[in-house]
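Here's the structure, in structure tokens; my notes come after.
First the proteins, then the strands, lettered A, B, ... as listed; each starts at 1. Worth knowing before you read on, the calculation uses all heavy atoms, side chains too, and leaves out hydrogens, waters and symmetry mates.
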Amino acid sequence: MKRMEDIIKDRLEAYEETLPETGLADFMTRLDESRTSATPNPARKSRYSIWNIATPAVAASLLAVFVLTRPQGTEGYLANQETMAVNESVAIIEESEPTELLAQADIVEPGPDGRQHTAATAVKKEQAAVNEASNSDSIVDSIAEEIEPEVAIFIDSDSASVEADNSQMNSPISTDSPSIFDTADIKSAGSYSDNQIYIKVVTGAASAVSTASLVTVLSSVGGFFARDYSGDIGSLDPPSDDPPYSGTPGEQYPDFIPSYPDIFSPGNPWPRLVKDYLPLTIGASLRWNFADRLSLTTGMDYNRYKSVYETKGWSFDLTRASVGIPVRVDYSFVRSRLIDLYLGVGGSAEYFVSTNVGGRKSDEDGLLISAQAASGLQVNISKHIGAYVEPRLIWVLPSVLYDDDPFRRDHPLFLKLASGIRYSF
Amino acid sequence: MTIWDEQSLARLCSEHDRKAEEELYTRYAGRLYALCLRYSNNPDDAKDLMQDALIKALNSIETFKYRGNGSLYAWIKRITVNMAINKVTRQKLHFIPFDAFRMDRADDTDDDSAGMVPEEVLLKMISELSPMKRAVFNMFCIDGYSHSEIAQELGITENGSASILSKAKTQLKKQIKDYIKQSEKP
């Protein structure tokens, strides 16, 4: 007695189904159309299909870098330090008493950049107040004349308020901004042809849209990292006569050069606002599919951490870069020829290769060990090569760098967005 | 009417000989249509798939290498099956259930009741399987693919392929039993 499937095979393998009488005529018409069509041979087109995925993937990566290197959270004014300083100084001038303005002028030496203009303007305002020669509107006018950086100043004559048009530099991040891709077009592109090329285009575009959406959402999540230590930014009273900085003429900030890592110490009495950016990782990854749906993933990552610090009207960046080796076990819960969705747990060892504080390099380096959980989307470009985007949840283990590293000290548990190219076998 | 051997037919088709192209259609379309019906769930899709596959074969027939009698059909069949598989894989993402690791051992007991079911009814039963079950059943049981090849083509694991096949066979057995019960009723 035969098995069911063998019987079915015997009966259907050579079975012929009757076709409609018009079948031949229809077929010949379609054959002629296919030959007169301008559509290139699909076999030739498929040679370039990799670019149809790679191009939107690269575009999405650039978009990710662009979005994520902008400030996170609800306050966009930190995007440009110069603009921020101008705005803040103007606000200080408007709200302060003449004696305080004199104190401000004493602190900040006049010079060629925007802040020094502002300080000089403060002295002018003080003189104007003492001489009673002008009202507040004219003071603001004089401020507007003095401040001449790359921002346009608008003055509202009713309220005498000053507003810097920094929208181009500081446009806040919006999570509901319209997508650059029209999803309706994407759907239609996938439906009009059976050629594999179009499917790959659609997949590539869809992955780019997904990546862009993911990045937008994560950049919003990145606002979680923004925090206000003191809430009294702008106070004009120095906390002590011996501020924790030293001056070196000719530097970007002539009278403010933070002493790393002392400036980040919780004991530092100066009021601070700290804004941390969502860390980015770019990597080359290697994946060994050692069992059904299970794989061992390792590789090499380049990590970039950035924070912006403000204190006493000044702001500066802290950027750190590290090279890391992650090791993780991944479980693929959705796997197709084009897409792989997975979850993974593992760890990573990072070695810091550069630290930059306020435009100056620091020698701080060292090893950092962390545990991580990740979820990821991999778009398979070929049988072995894929591009991945994966948000990672990182937990930093205590290490020698812990105290000197404000980001990890304050966020032992944080999100990181990683992307890169992966070879799977 | 001229009867060409496969080699001559392929050569003439590569020269866009109209009669030869019509002969190729007449010779293979019925079998290919039945094959496409196994992979599709409606006759219109099957017809489109069959025509697309034949057009693709005719437009690239210069790459065909004759390897003996039957090799032309085998070559066109392979093109058709590949296109059918592509259609399955691009229809949607296949969310593989977490229990896919579990090997469902459907009863592999002998059962010749399938022999009592007409071919067109068998085709209909297969077409009523889900796209993934249909593809795995056709590839493994009829078109001679291994689980490893199926896993690679469909982007699933070998265990997943075996599990899906088992479920497909169970469903088909039930359908065949129901059909026989129904047909035995007076």
Let's test your reading of the structure: which of [options] forms the most heavy-atom pairs below 4.5 Å with chain A?
options: B/E153, B/K77, B/M50; result: B/E153
options: B/E21, B/E119, B/E22; result: B/E119
options: B/L54, B/I126, B/L172; result: B/L54
options: B/N138, B/D48, B/L32; result: B/D48
options: B/V117, B/L35, B/L49; result: B/V117

- Message: If you apply the rule salt bridge (charged side-chain N to carboxylate O under 4.0 Å, His left out), what do you find for A/R287 with A/D340, and how did you get there?
- Response: CA-CA 12 Å; A/R287 171 177 281 183; A/D340 193 356; 3.1 Å; yes
- Query: Can you list every side-chain hydrogen bond (donor to acceptor under 3.5 Å, both in side chains) pair that touches residues 63-75 of chain B, not counting sequence neighbours?
  - Reply: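 For residues 63-75 of chain B, and leaving out neighbouring residues, there are no side-chain hydrogen bond (donor to acceptor under 3.5 Å, both in side chains) pairs at all.
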- Item | Which atoms of B/F137 approach chain A - backbone, side chain, both or neither, heavy atom under 4.5 Å |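 Just the side chain, heavy atoms under 4.5 Å.
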- Item | Under 4.5 Å from any heavy atom of chain A - which part of B/M125 |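 Neither; nothing under 4.5 Å.
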- N-O pairing of B/K19 and B/E23 below 4.0 Å: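 Not counted as a salt bridge, because no side-chain N and carboxylate O are separated by less than 4.0 Å.
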- Message: Less than 4.0 angstrom from a charged side-chain N to a carboxylate O is my criterion; do B/D17 and B/R11 meet it?
- Response: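 A salt bridge is absent here (no side-chain N lies under 4.0 Å from a carboxylate O).
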- Heavy-atom pairs under 4.5 Å with chain B, option from A/D10, A/I8, A/D26 with the top count: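 It is A/I8.
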- Message: Quiz question: by atom type and distance under 3.5 Å, do the side chains of A/T297 and A/D330 form a donor-acceptor pair?
- Response: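 Short answer, yes.
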- Query: Does the side chain of B/K167 come under 3.5 Å of the side chain of B/S163 through a donor N or O and an acceptor N or O?
  - Reply: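 There is such a pair (donor and acceptor under 3.5 Å, judged by atom type) between the side chains of B/K167 and B/S163.
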